[in-house]
Novice: 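First the structure, then my questions, so here it is.
Every number for a ligand or one of its atoms is a count from 1 in the order of the listing.
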Amino acid sequence: MNDLRNIFVLENFSEMSDFMVEKWESISGESIQRKGYFVAALSGGRTPVDFYRKLADFKGTLFWGKTHIFFADERCVSFGDKDSNYGMLAVELLNRIEIPRSNCHPVPVEEFSPEIAAIKYEEDLRIFFGLSPSEFPEFDLVVLGIGEDGHTASLFPRSEGIRETGRLVVAVSFDRERHDRVTLTLPVINSAKNVIFLASGKNKSAVVKEVIEKKDSVLPAALVKPERGNLLFVLDSGAGSDLSVAANR
Ligand code: 6PG
């Protein structure tokens with residue numbers, strides 16, 4: 001359910017990033033205190049870049065040795081490619097903090113075809129989380145973006161990936177996209193303890209409105225409804241400008 005407690009409309013990118021760093025600090029702190037480690041799945045795109053930079057610059061303690069970073073999705077390109085989510089995160093965050101290499105979990109798209117990379121990533125997740133065949137992982141935090149068409153991670157409107165109910169990770173080949181991709185599936189995202197959407201810019205206001213306000217929307221981003229976890233929308237004033245529902249401003 002969307003209500004005042006989970007929609008935050010902030011002035012600009014910078015305020016969104018500061019807010020996200022605070023969220024990261026509290027969610028990671030709570031997870032580490034509870035079970036000894038913190039596991040996040042992060043997205044690419046333009047919107048979270050400033051947040052990742054600020055995380056790297058954060059002067060407080062974030063216990064990177066107890067933090068594991070997976071990817072919500074990835075494009076099937078080399079990590080040096082400008083479209084690589086791992087490449088972007090490495091430059092903005094991972095190479096700038098004291099995190100063990102073994103705590104970073106890129107999708108193995110450089111070594112394998114999209115289908116095999118998806119199978120391997122699913123195996124990695126099953127081993128990391130110690131899952132039985134019917135279980136889904138419980139990420140402490142999944143950070144997602146929203147495309148103007150309502151996609152999130154690499155789950156595109158009307159694509160097969162959004163119907164997946166059993167697999168944790170699937171390969172995606174979608175006409176309009178330049179690269180094949182690999183993405184976590186909806187049941188994985190919906191098993192997380194915290195899911196945070198970041199959206200900025202007036203061009204996102206209509207889709208953000210639909211995702212938050214239209215009860216029967218079938219857009220992929222609207223299908224994100226954590227079963228037991230918290231769902232938060234962190235928007236800038238442009239992305240939040242069409243909302244009719246109450247939000248924290
Ligand atoms: C990616 C994403 C994708 C992204 C949205 C929003 O790797 O590109 O996972 O789902 O979050 O397309 O992207 P922007 O933040 O650039 O608007």
Side-chain angles (χ1 to χ4, degrees), residues 10 12-17 19-20 40-55 69-94 105-107 109-110 114 117-118 121 139 141-159 161-162 164 169-186 188-190 192 195-212 219-224 231-241:
L10 303 167
N12 49 38
F13 256 157
S14 179
E15 279 190 17
M16 286 169 72
S17 317
F19 181 92
M20 286 301 294
L42 302 182
S43 289
R46 196 179 34 89
T47 316
V49 173
D50 189 59
F51 157 51
Y52 298 148
R53 274 186 205 140
K54 279 196 172 151
L55 259 189
I69 297 189
F70 286 83
F71 287 76
D73 68 331
E74 184 57 283
R75 296 182 185 80
C76 297
V77 295
S78 73
F79 293 151
D81 190 290
K82 64 171 179 33
D83 289 334
S84 165
N85 286 349
Y86 177 77
M88 179 274 284
L89 203 75
V91 169
E92 305 297 349
L93 177 67
L94 303 176
H105 305 266
V107 186
V109 291
E110 282 194 323
Y121 210 48
F139 280 98
L141 173 64
V142 177
V143 177
L144 296 173
I146 306 180
E148 275 180 65
D149 61 355
H151 80 260
T152 191
S154 289
L155 298 162
F156 292 92
R158 294 174 297 280
S159 68
I162 56 174
E164 182 59 49
V169 186
V170 292
V172 176
S173 176
F174 199 60
D175 298 343
R176 271 176 283 149
E177 291 303 312
R178 277 192 303 144
H179 307 295
D180 288 336
R181 297 181 180 217
V182 171
T183 187
L184 299 183
T185 57
L186 281 168
V188 173
I189 295 170
N190 285 333
V195 178
I196 306 185
F197 275 109
L198 288 178
S200 68
K202 180 68 191 149
N203 57 323
K204 299 283 176 73
S205 62
V207 72
V208 162
K209 183 177 173 65
E210 166 159 351
V211 167
I212 292 179
L219 292 179
L223 303 177
V224 172
L231 176 63
L232 227 69
F233 291 86
V234 180
L235 314 170
D236 74 354
S237 51
S241 58

Novice: Looking at Asp83 and Arg178, is any side-chain nitrogen of the basic one under 4.0 Å from a carboxylate oxygen of the acidic one?
Specialist: yes
Novice: Mind checking whether Tyr86 and Phe79 have parallel, tilted or perpendicular rings, split at 30° and 60°?
Specialist: tilted
Novice: Could you list the residues that satisfy side chain to side chain donor-acceptor pair (under 3.5 Å) with Asn190, not counting sequence neighbours?
Specialist: none
Novice: Which heavy atom of Ser200 sits nearest to which heavy atom of Met16, and what is that distance?
Specialist: CB-SD, 4.2 Å
Novice: Residues two or more places apart in sequence or in another chain: which of them pass side chain to side chain contact (heavy atoms under 4.5 Å, CB included) with Asn12?
Specialist: Ser14, Glu15
Novice: Identify, for atom 15 (O) of ligand 1, the protein heavy atom at the shortest distance, and state residue, atom and that distance.
Specialist: Thr47 OG1, 2.5 Å
Novice: Near Ile146, which atoms of ligand 1 are under 4.0 Å from a heavy atom of that residue?
Specialist: 6 (C)
Novice: Val224 and side chain to side chain contact (heavy atoms under 4.5 Å, CB included): which partner among Leu219, Ile146, Leu186, Val211?
Specialist: Leu186
Novice: Which class fits the ring pair His151 and Phe156: parallel under 30°, tilted 30 to 60°, perpendicular over 60°?
Specialist: tilted
Novice: In the protein, which heavy atom is nearest to atom 12 (O) of ligand 1, and how far is it?
Specialist: His151 NE2, 2.7 Å
Novice: Checking contacts here: is it the side chain or the backbone of Asn85 that comes within 4.0 Å of ligand 1, counting heavy atoms only? Could be both or neither.
Specialist: side chain
Novice: When rounded to the nearest 0.5 angstrom, what is the spacing between CD in Glu148 and NZ in Lys204?
Specialist: 6.5 Å
Novice: Near Gly44, which atoms of ligand 1 are under 4.0 Å from a heavy atom of that residue?
Specialist: 1 (C), 7 (O), 9 (O), 11 (O)
Novice: Checking a contact table here: which protein heavy atom is nearest atom 2 (C) of ligand 1, and how many Å away?
Specialist: Asp73 OD2, 3.5 Å
Novice: Report the nearest protein non-hydrogen atom to atom 13 (O) of ligand 1: residue, atom name, distance rounded to 0.1 Å.
Specialist: Gly45 CA, 3.8 Å
Novice: What about Arg46: any of its N or O atoms under 3.5 Å from an N or O on ligand 1?
Specialist: yes
Novice: Quick one: look up the protein heavy atom nearest atom 8 (O) of ligand 1 and list residue, atom name and how far away it is.
Specialist: Arg75 NH2, 2.6 Å
Novice: Could you identify the single nearest non-hydrogen protein atom to atom 10 (O) of ligand 1 and state the distance to 0.1 Å?
Specialist: Ala153 O, 2.7 Å
Novice: Return yes when Lys204 approaches ligand 1 closer than 4.0 angstrom through a heavy atom, no otherwise.
Specialist: yes
Novice: Within ligand 1, which atoms have a heavy atom of Gly145 less than 4.0 Å away?
Specialist: 11 (O)
